[in-house]
Amino acid sequence: MLGALAGATLLPALALPGLSHAAAADAAEPLKEIARRKGLRFGTAVGGGRNQFGDAAYRALVERECGIIVAENEMKWQGLEPARDAYRFGPADAMLAWARDKGMAMRGHNLFWQAEKWLPAWVAREDFGADPKRGVEALMRKHVKTVCEHFGSALDSWDVVNEAVDPADGKLRQNALTRPLGAIEQIDLAFRLAHEYAPHAQLVYNDYMRGDAGSARHRAGVLALLAELKKRGTPVDALGLQSHIGSWDDIDGGKNQGTSGRQRDLAEWRRFLDEVTGMGYGLLITEFDVNDRRLPADIARRDAGVAAAARDYLDLTLSYPGLRDFLLWGMSDNISWLQTWDEAPRKDKLPMRPCPYDAQLRAKPLREAIAAAMRGMPARQA
Ligand code: G3I
C-alpha cells in the first residue's frame with residue numbers, strides 16, 4: 001500500500017471544529033456504536049504486555065470504543081501451554097472475565113500458528129514415537145480439545161490456523177506437525193478438530209496477504225489453499241484479513257519499489273476479495289494497523305498519510321457486507337507491536353504512529369478515518 005501513503009494529502013480535521021482530536025473523540029459516538037448500527041462488531045487486540053491490560057486508562061478506552069476484543073498473545077499455544085501439560089489459562093481467563101463484565105465479545109487467536117518459530121519450543125522437540133503421524137494427531141486433538149473445552153461457548157470465533165502460506169513462494173509452511181502429516185492434511189485436521197470441539201464457533205483461516213505487488217505470491221498461495229480446503233470439504237467459515245497495511249512493499253527484497261500504485265494495489269485487493277468471497281468464504285478484519293515507516297517525520301503529515309491509507313483500504317474492504325468483525329491490533333501507538341518489531345524500523349528511528357490513538361490516548365486522524373469508513377459502509381447482511 002506504499003502508493004496510498006506516498007499520495008496522501010492532509011485530511012480535514014475531525015468533524016467538530018475548534019476541538020482537538022482528543023476532545024472530539026470524547027464527544028463523538030463510540031466506534032463500537034457506529035459499527036453496531038451497521039451490524040458490524042468493532043474492537044481491538046488487548047495484550048498483557050507493555051502497559052495495556054494492566055492500565056486502567058487504556059482499559060477504559062477499550063471499554064468505550066470496542067464491542068469485541070482478542071488476546072494479543074495470551075491464547076496462543078505458547079501462551080496457554082508454555083511447557084508440555086503445564087497449562088496457564090490465568091491471563092486469558094482474566095481478559096475474558098473483563099470482556100464479559102463490560103459486555104464485550106471475545107474471539108480466539110489462535111489454535112495453530114504455522115511458522116515453526118511461533119509454535120511452543122517443546123513441540124519441535126517432541127518425540128512422536130514409532131508412528132509420528134498418530135502421535136501428531138493425538139497431540140493436536142489434545143490441544144484443541146483442552147483449549148476449546150476450557151473456553152466453551154464464550155468465544156464465538158476462532159483463528160484456527162494462522163499464517164500457513166509462506167509469502168516468499170506462496171507454498172505452505174512446514175513445521176513439526178506438518179512434516180509427519182503433510183501440510184494440507186494438518187491444516188484440514190486442525191479445522192475438523194475445531195469443528196468437533198467448538199461447533200458453535202466461526203472457524204477462520206487468518207493471514208497477512210496484502211494488495212501490493214510484493215504480496216502477489218502470498219495472495220496466490222492463500223487462494224490456492226482456500227480452494228483446496230473447499231475441495232476437501234474442510235469446515236472453514238471465513239478468511240481473516242490481518243490488514244497490517246501501510247509501508248510494507250519494500251520489505252520483500254526491495255524488488256517492487258516504484259511499481260506499486262494506490263489504484264493498482266486496491267484493484268488487486270478487490271480481485272482477491274472477490275475470489276475469496278466467490279468461493280463462499282466470509283471475511284473479517286482481524287489485526288488492522290498502518291505501518292508509517294515510509295511517511296515523513298512531521299506528525300501532522302504522517303498522521304494524515306496514515307489516515308488516508310486507512311480510508312482507501314477500509315472503504316473497499318468494508319464494502320463487502322459479509323464482513324462482520326473489524327478488529328485493530330492495538331488502540332494506541334505506544335503499545336503497538338510495531339514499536340518493537342525491528343526487522344524494518346523507520347530510518348529516522350522515530351516511534352511509529354500506526355494506531356487511532358497516540359501514546360497519551362489522544363485521538364488521531366486515523367480514528368476519524370475509521371469512523372467515516374464505517375459510517376459510509378453498507379449495512380451488514382442479516
Ligand atoms: O511476555 C514476555 C516477557 O516476559 C519477556 O520479558 C519478553 C522478552 O522478549 O518477551 C515477552 O513476550 C513477548 C510477547 O510478544 C509479549 O509482549 C514475546 O517475546 C514476543 O515475541 C511477542 O510478540 C508477539 C508476536 O505476535 C509473537 O507472538 C506480539 O506481541 C504480537 O503483537 C504478535 O502478533 C502477531 C499475531 O499474533 C499474528 N499476526 C501478526 C501479529 C504481529 O506480528
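Count residues from 1 along the sequence. Counting convention: from 1, in listed order, for ligands and their atoms alike. It should be emphasised that the depicted structure is a prediction, and the values quoted were computed from it without experimental measurement. Atoms considered below: every heavy atom in the structure, side chains included; atoms not considered: hydrogens, waters and symmetry mates.
- Closer than 4.0 angstrom to ligand 1 lie heavy atoms from Glu72, Asn73, Lys76, His109, Trp113, Trp118, Asn162, Glu163, Gln242, His244, Glu287, Trp329, Trp337.
- The only option from Asp298, Asp303, Asp289 that meets the salt bridge (charged side-chain N to carboxylate O under 4.0 Å, His left out) definition with Arg353 turns out to be Asp303.
- A cation-pi arrangement, defined by a distance under 6.0 Å to the six-membered ring centre and an angle within 45 degrees of its axis, is present between Lys230 and Tyr281.
- Tyr320 and Asp274 are linked by a side-chain donor-acceptor pair at a separation below 3.5 angstrom, with hydrogens and angles left out of the test.
- For the 3.5 Å distance criterion, the side chains of Gln186 and Gln114 qualify, holding a donor opposite an acceptor.
- Counting non-hydrogen atoms of neighbouring residues, nucleotides and ligands closer than 6.0 angstrom, the NE2 atom of His195 reaches no more than 12 such neighbours.
- Using a 30° and 60° split on the angle between ring planes, His143 and Trp77 fall in the parallel class, below 30°.
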